[in-house]
S.K.: 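Got a structure for you, questions after.
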Amino acid sequence: MRNIKERQILVSKGTIFDIKKFAVHDGPGIRTTIFFKGCPLDCWWCHNPEGRHTGIEKLPIQENRNRSSITANKNAETSGKEITLTEIMRDIEKDLIFYEESQGGVTFSGGEPLMQIDFLTSLLKNCHSNGIHTLVDTCGYASWSCFESILPYTDMFYYDLKLIDDAEHIKYTGVSNKTILSNLEKLVQHDQRITIRIPLIPGITDTDKNLKEIVKLLKKMNNIQSIMLLPYNKLGEDKYRRFGLPLRTGKLLAYDNGNLEAIKKRFDALNLNISIESGHHE
Ligand code: SF4
């Protein structure tokens, strides 16, 4: 087994809200996924509401005492912790053998990893110099200079596409999609390995109009490696109840295999590898 080389550290601390080891849905092979705290978007359906705000926060836990009323109890869950680059690299080092045997590596997710660009760059550089495969999972909302700074050390991108209509994007995520779409065009031109991830949210992103527009946009782009459809699943609703957060989407029906296959067929014309990742969500 290789040892991680000691390297000069650029930015040694960041804030994360989770580390998932032995992840098999976050890129090729067996991976360690680091969840960065903070996201510039505010998607109505976000599956990790505890990771959206920057910094460490206390989230009061709600409990249902008598079924008819939900009350706050005294407990609170802390989301986020400061962590050093050395701590993360030590954790990664323990799993080198698994990455090597499975052609896995490390995935940087969140939240939005590009929000802590200096810390992300330091981690990517360290992984890269140790021959560890790196994947950045991004919503695309960052300045192009942030992307430029990580390109040399990133082997693969997961890039989210949600809504093509800008007014709808603003309504459901809080920000315009102009920067996101322009960064995607530039990434494609830079010959990066990109998997597009599309969250399927009933009545919001899975409309006939939106899916047609996504297919039309992707038709114009070379170098997209594959597409992942991420169907809404109701497990995330528990977090909203637990933390007493409003469920802005309202209660949504889960997809069944029939309607997922019909949606998948819409992407056939692209001649790409298209997968439905039912156990994986945004
Ligand atoms: S981009 Fe992802 S992490 Fe950020 S708010 Fe939307 S769903 Fe949540």
S.K.: Would you mind listing every ring-ring contact (aromatic ring centres under 6.0 Å, His included) that reaches into residues 171-226, with sequence neighbours excluded?
M.R.: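 Listed by first then second residue: Trp44-Tyr172, Trp144-His190.
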S.K.: Any salt bridge linking Lys162 with Asp160? Criterion: basic side-chain nitrogen under 4.0 Å from a carboxylate oxygen.
M.R.: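 Yes.
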S.K.: For residues Val136 and Leu124, determine if any side-chain heavy atom of one lies less than 4.5 Å from a side-chain heavy atom of the other.
M.R.: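 They are in contact (side-chain heavy atoms under 4.5 Å apart), so the answer is yes.
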S.K.: For Lys212, which residues count as a side-chain hydrogen bond (donor to acceptor under 3.5 Å, both in side chains) partner, sequence neighbours excluded?
M.R.: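 Applying side-chain hydrogen bond (donor to acceptor under 3.5 Å, both in side chains) to Lys212 gives Asp208.
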S.K.: Answer yes or no: is there a side-chain heavy-atom contact under 4.5 Å between Asp137 and Pro113?
M.R.: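 Side chain of Asp137 against side chain of Pro113, heavy atoms only: no contact under 4.5 Å found.
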S.K.: With no hydrogens and no angle check, just 3.5 Å: does a side-chain donor-acceptor pair link Thr78 and Glu57?
M.R.: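 Glu57 and Thr78 do not have a side-chain donor-acceptor pair below 3.5 Å.
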S.K.: Just say parallel, tilted or perpendicular for the rings of Phe22 and Phe98, cut-offs at 30° and 60°.
M.R.: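 Answer is perpendicular, since the angle exceeds 60°.
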S.K.: Does the pair Lys239/Glu50 count as a salt bridge with the N-to-O cut at 4.0 Å?
M.R.: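 Result for this pair is yes, salt bridge flagged.
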S.K.: Indicate yes or no: does Lys20 engage Asp26 in a salt bridge with an N to O separation below 4.0 Å.
M.R.: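 Between Asp26 and Lys20 there is a salt bridge, with a charged N closer than 4.0 Å to a carboxylate O.
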S.K.: With a 4.5 Å limit on heavy-atom distance, are the side chains of Arg197 and Leu161 in contact?
M.R.: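 Side chain of Arg197 against side chain of Leu161, heavy atoms only: no contact under 4.5 Å found.
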S.K.: Under a 4.0 Å threshold between the charged nitrogen and the carboxylate oxygen, would Lys234 count as salt-bridged to Glu237?
M.R.: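 Salt bridge present between Glu237 and Lys234.
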S.K.: Between Glu148 and Ser145, is any side-chain donor less than 3.5 angstrom from a side-chain acceptor?
M.R.: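 Per modelled atom types, Glu148 and Ser145 side chains form no pair under 3.5 Å.
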S.K.: Is a side-chain donor-acceptor pair under 3.5 Å present for Ser226 with Thr195?
M.R.: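 Note: Thr195 and Ser226 side chains meet the donor-acceptor criterion.
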S.K.: In plain terms, say whether Arg31 and Asp95 are close enough for a salt bridge, that is, a side-chain N and a carboxylate O under 4.0 Å apart.
M.R.: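 Salt bridge absent between Arg31 and Asp95.
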S.K.: Does some side-chain heavy atom of Ile227 sit less than 4.5 Å from a side-chain heavy atom of Asn273?
M.R.: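 No, side chains not in contact.
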S.K.: For residues 177-190, which residue pairs pass the salt bridge (Lys or Arg N to Asp or Glu O under 4.0 Å) check, not counting sequence neighbours?
M.R.: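 Salt bridge (Lys or Arg N to Asp or Glu O under 4.0 Å) check on residues 177-190 returns Asp166-Lys178.
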S.K.: Please state whether the rings of His128 and Tyr153 are parallel, tilted or perpendicular, taking 30° and 60° as the class boundaries.
M.R.: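 Geometry flag for Tyr153 against His128: perpendicular rings.
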S.K.: Given His133, which partner from the list Met156, Gln103, Glu100 fulfils the side-chain contact (heavy atoms from CB on, under 4.5 Å) test?
M.R.: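 The residue from Met156, Gln103, Glu100 that satisfies side-chain contact (heavy atoms from CB on, under 4.5 Å) with His133 turns out to be Met156.
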S.K.: Go through the steps to decide whether Asp155 and Arg193 satisfy the test salt bridge (charged side-chain N to carboxylate O under 4.0 Å, His left out), and finish with yes or no.
M.R.: CA-CA 7 Å; Asp155 294 308; Arg193 286 162 62 87; over 6 Å; no
S.K.: Is the ring centre of Tyr255 less than 6.0 Å from the ring centre of Tyr232?
M.R.: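 No: the rings miss the under 6.0 Å criterion.
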S.K.: Are Leu181 and Leu217 close enough that some pair of their side-chain heavy atoms sits under 4.5 Å apart?
M.R.: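 Contact flag for Leu181/Leu217 side chains = yes.
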S.K.: Is there a side-chain contact between Trp45 and Leu252 (heavy atoms, below 4.5 Å)?
M.R.: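 With C-beta onward as the side chain, the pair stays apart.
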S.K.: Are Leu123 and Phe35 connected in a single hydrophobic cluster, I mean Ile/Leu/Val/Met/Phe/Trp/Tyr linked by side-chain heavy atoms less than 4.5 Å apart?
M.R.: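 No, because Phe35 and Leu123 fall into different hydrophobic clusters, even though each may have its own neighbours under 4.5 Å.
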S.K.: Around atom CG of Asp268, are there more than 12 heavy atoms from other residues, nucleotides or ligands closer than 6.0 Å?
M.R.: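 More than 12 heavy atoms, drawn from other residues, nucleotides or ligands, come within 6.0 Å of this atom.
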S.K.: Between Asp42 and Arg248 (salt bridge meaning N to carboxylate O under 4.0 Å), is one present in this structure?
M.R.: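 Salt bridge between Asp42 and Arg248, a charged N being under 4.0 Å from a carboxylate O: yes.
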S.K.: With the 4.5 Å side-chain cut-off for hydrophobic clustering, are Leu218 and Leu163 part of the same group?
M.R.: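 Both belong to a single hydrophobic cluster.
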S.K.: Please check if Phe17 and Ile19 belong to a single hydrophobic cluster, counting links between Ile, Leu, Val, Met, Phe, Trp and Tyr side chain heavy atoms closer than 4.5 Å.
M.R.: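 Unlinked, Phe17 and Ile19 end up in two clusters.
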